[in-house]
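Have a look at the structure below, then the notes.
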Amino acid sequence: MKEYGYLVKCAIDMMKFSYAPYSHFKVGAALLAKNGKVYGGCNIENVAYTPSNCAERTAFFRAIAEGVREFEAIAVVGGKDGVVTEYCAPCGLCRQTMTEFCDPDEFKIIMAASETDYKVYTLAELLPLAFHAEF
Ligand code: THU
């Protein structure tokens, strides 16, 4: 299996930029584009709650706003007050956003507890029967 420790490290580094004064749950993401570039993301909360954005979608939107649309993998880490104790699963909205831009059988989602302790899933495994553009 491919080694994704370096991508997990980028996600862990991104947690320090998390703006989470309401949930105190800090999330970091690192999105690897097929061109080799890595786009970092963090969660950004809002006092009105609904405008909040997850770390994964922050990473995707940064890449897409730079004209990059082909992706290989995303690493995700999260924990209360930035302390990672277990694997952090992407929410349903983020899985749907990934479906817009990624091949569900190829794109990898890496849920990590540390640089050496992580699980790798395909997008198809995490969002089966997805609503996609072919419909
Ligand atoms: N969050 C993410 O950033 N990504 C996920 O995949 C799960 C949830 C954020 C949203 C909110 O700021 C905080 O975690 C608690 O739900």
Side-chain angles (χ1 to χ4, degrees):
M1 207 208 337
K2 195 171 165 183
E3 161 62 33
Y4 284 114
Y6 77 101
L7 200 61
V8 173
K9 186 185 182 316
C10 292
I12 292 168
D13 287 346
M14 286 307 298
M15 286 172 76
K16 66 174 173 285
F17 298 121
S18 163
Y19 177 74
Y22 306 105
S23 74
H24 303 285
F25 192 85
K26 292 175 182 272
V27 184
L31 175 63
L32 174 63
K34 285 189 178 170
N35 66 10
K37 278 190 75 175
V38 174
Y39 294 86
C42 60
N43 56 332
I44 305 166
E45 297 185 348
N46 188 283
V47 66
Y49 291 6
T50 308
S52 300
N53 204 51
C54 289
E56 298 91 319
R57 278 176 293 137
T58 303
F60 265 86
F61 298 160
R62 283 184 79 180
I64 289 153
E66 285 195 16
V68 173
R69 292 187 187 167
E70 295 193 335
F71 305 107
E72 178 180 326
I74 190 168
V76 188
V77 291
K80 193 87 177 164
D81 299 316
V83 179
V84 179
T85 57
E86 59 187 322
Y87 305 113
C88 181
C91 81
L93 279 181
C94 289
R95 296 178 198 199
Q96 184 66 35
T97 298
M98 293 171 196
T99 299
E100 188 70 22
F101 296 101
C102 305
D103 179 334
D105 297 313
E106 295 294 328
F107 186 70
K108 305 286 189 304
I109 297 165
I110 298 128
M111 290 187 215
S114 75
E115 271 176 60
T116 52
D117 177 9
Y118 55 82
K119 296 197 262 194
V120 182
Y121 298 92
T122 64
L123 177 56
E125 287 176 304
L126 296 193
L127 190 61
L129 302 175
F131 185 70
H132 54 78
E134 270 74 70
F135 286 120

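Given the structure is predicted, the values throughout are model-derived calculations rather than measurements. Counting convention: from 1, in listed order, for ligands and their atoms alike. We use all heavy atoms of the structure for the numbers below, so side chains are in, but hydrogens, waters and symmetry mates are not.
In this structure, Glu70 CD and Leu32 CG are separated by 12.0 Å, a value rounded to the nearest 0.5 Å. Atom-to-atom distance recorded for Lys9:NZ and Thr116:OG1 is 13.0 Å, nearest 0.5 angstrom.
Side-chain rings of Phe60 and Phe71 approach one another, their centers coming within less than 6.0 Å.
Shown are Ser18, Ser52, Ser23; of these, the side-chain hydrogen bond (donor to acceptor under 3.5 Å, both in side chains) with Glu45 is made only by Ser23.
Hydrophobic clustering, with ILVMFWY side chains joined whenever heavy atoms are under 4.5 angstrom apart, keeps Tyr19 apart from Met14.
In this view, Tyr121 and Met111, Lys119, Glu125, Leu126 satisfy the side chain to side chain contact (heavy atoms under 4.5 Å, CB included) rule, not counting sequence neighbours.
Residue-level contacts of ligand 1 at the 4.0 Å heavy-atom threshold are Ser23, Phe25, Val27, Asn43, Glu45, Cys54, Ala55, Glu56, Ala89, Pro90, Cys91.
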